[in-house]
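Right, one structure below, let's go through it.
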There are 2 protein chains.
Amino acid sequence: MNIAEEEESLPKRESDHGGEASAVVPHETEVVRPKVAVDTALFAMEDARLKCYLVQLQAGALASKWAFPGGLVRVGETLDGAARREIEDAAGLRDIYLEQVFSFGDPSRDPDAHVVSVAYMALIPEAGAARLGSRKYADGQWFEVARLPALAYDHTELAGYALQRLRSRLRYMDIARNLLPPTFTMGDLQDIYQSVLERGIDRRNFRRWMLTTDLLERLPGKRRGAHRPATIYAFRKRNEEAFRML
Amino acid sequence: MNIAEEEESLPKRESDHGGEASAVVPHETEVVRPKVAVDTALFAMEDARLKCYLVQLQAGALASKWAFPGGLVRVGETLDGAARREIEDAAGLRDIYLEQVFSFGDPSRDPDAHVVSVAYMALIPEAGAARLGSRKYADGQWFEVARLPALAYDHTELAGYALQRLRSRLRYMDIARNLLPPTFTMGDLQDIYQSVLERGIDRRNFRRWMLTTDLLERLPGKRRGAHRPATIYAFRKRNEEAFRML
DNA sequence: CCAAAAGTGTTGAGTATACACCCATGA
DNA sequence: TCATGGGTGTATACTCAACACTTTTGG
């Protein structure tokens, strides 16, 4: 790839000069290029179900449609940095688990301009930690993954990719730690696996498998609930190493 | 993500106006944005070894360095389309297997400008099919994956990601078909698995496993070589379905 | 004492791996 | 005839999935 070489030889294109984006008129000598954005599918557990966070667009051709929070990448900024900035803007969350998933570049995905979107997946331990209002969007809301509304852009596809990535990571990595508070019970952990993988798992086999991975640490107390008290666990500091399951 | 809303409110940045890219000066009212490029790691088998195709950069701060072929995405063009165009330009290849791998966006990855690069992996059945000279690059060359030279940009990292993706696909999908001619022997197929996974595989177990997947079709003839003639196989039309291995 | 969740153990099926032997060809 | 890769079979270890029983609490 060579920027300096291509920059001059490329023909100017007019095809993206429709819509609202043309409010900004490039200089005659400027070559028009696709823009870069990031969009993040944020997941959390709530009521033993996997949910994801959506906002309602406020402007543009798709105003009032639901979408994942995101925005344009600025010059000098990393992609991860842009995703974190947008998540903090939209939901007031910092230092969360973030992972790049896929890039969407269909020129017609955004009716306002040609925008290449780098999609991210993010995980937080408590849905309640997300601020629902923001400067940029009217209101955020948590939706059950199985019952998402119609989404703007290609975000329905994005949701599928992000979920697929989450499932894959759950099978081979200790990613579940990012969906849990510091301490939890074996039942809490199994809820994650069951709702993300969308299938029942035998309680006893799950327990045995999870303990043999040696990722968990048994803590002294018990959690008291409606029935027999449950052992409290925490994830060990770090294993960094992938492992296998199921 | 909302373009119309952000477009005006974003501050202009000067940080990327060093280097050769500043030959193109944006208009005063134009907002400077990161550019989007695609870069493709092209793989093929040669002498029972996995190789990948590199070109030498001709201009810019990294001229004469080796890199994967790629270039800027044009407005109105899909990412896949841009990758295919660049591969055809660089190596004269069309209708090849192509898969998006990862996007790299570190602002300092290209000393000439802030360029976000969407990385692709491509596979072809014959290394010899690639044209080595091109309009854009001096000469292409096939390198053993285990012995790559120093690469420009973050392309060493790209190579790692692409290889990791290839390994993963080999385990669960019939992606090997894209590295093989229409007909081949069990030995040819095993060469791919061994060189991509970088480990020896028991010949008899490999054969049994591969045949139970039911992806192969036994063809009538035999391939005669230095020793006992080998059965000729072809991949069945399409299974589309993922499967598991090892 | 009963319902419901937590904790512990066993067993059989299916899969993966290691390995032995014979076959067909060119040199 | 021998070196080399091709073709077929078998024994064993291991993992996975199905399932039974007991324990501990709250109501």
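Below, chains carry the letters A, B, ... as their sequence lines are ordered, and counting in each starts from 1.
- The aromatic rings of A:Phe235 and A:Phe184 sit tilted relative to each other, their planes meeting at an angle between 30° and 60°.
- The aromatic ring centroids of B:Phe104 and B:Tyr161 lie less than 6.0 Å from each other.
- When the P atom of D:dC19 is taken as reference, atom CD1 of A:Ile201 falls 16 Å away, rounded to whole Å.
- Nearest-nucleotide positions on DNA chain C for A:Asp188 and A:Ala226 put A:Ala226 closer to the 5' end.
- Whole-Å rounding puts the A:Asn205 CG to D:dA20 C1' distance at 13 Å.
- Closest contact between the side chain of B:Pro229 and the listed nucleotides C:dA18, C:dT25, C:dG7 involves C:dT25.
- With C:dG7, D:dG7, C:dA4 as the candidates, the nucleotide lying closest to the side chain of B:Arg228 is D:dG7.
- For C:dG26, one of the phosphate oxygens OP1 or OP2 lies less than 4.0 angstrom from a side-chain nitrogen or oxygen of B:Arg224.
- The separation between A:Ile232 atom CD1 and C:dG7 atom P is 10 Å, rounded to whole Å.
- Taking atom CZ of residue B:Arg207 and atom C1' of nucleotide C:dA20, one finds them 16 Å apart after rounding to whole Å.
- Picking from D:dT8, C:dG7, D:dG7 the nucleotide with the shortest atom distance to the side chain of A:Lys222 gives C:dG7.
- In this structure, OH of A:Tyr233 is placed 11 Å from P of C:dA6, rounded to the nearest angstrom.
- With distances taken from any side-chain atom of B:Arg204 to the nucleotides C:dA20, D:dT10, C:dG9, the minimum falls on C:dA20.
- Of the candidate nucleotides C:dA24, C:dA4, C:dC19, C:dA4 has the atom nearest to the side chain of A:His227.
- Distance A:Arg218 CZ to C:dA6 C1': 11 Å, rounded to the nearest Å.
- Spacing between atom CZ of B:Arg203 and atom C1' of C:dC22 amounts to 11 Å, rounded to whole angstrom units.
- Taking only side-chain nitrogens and oxygens, A:Thr231 comes nearer than 4.0 Å to OP1 or OP2 of C:dG7.
- Taking 4.5 Å as the limit, some side-chain heavy atom of B:Met45 sits within range of a side-chain heavy atom of B:Leu50.
- The closest side-chain heavy-atom distance from A:Ser117 to A:Tyr153 is not below 4.5 Å.
- D:dA11 atom C1' lies 14 Å from atom CG of B:Asp202, rounded to whole Å.
- Among A:His155, A:Glu86, A:Met121, the one residue that satisfies the side-chain contact (heavy atoms from CB on, under 4.5 Å) test with A:Phe68 is A:His155.
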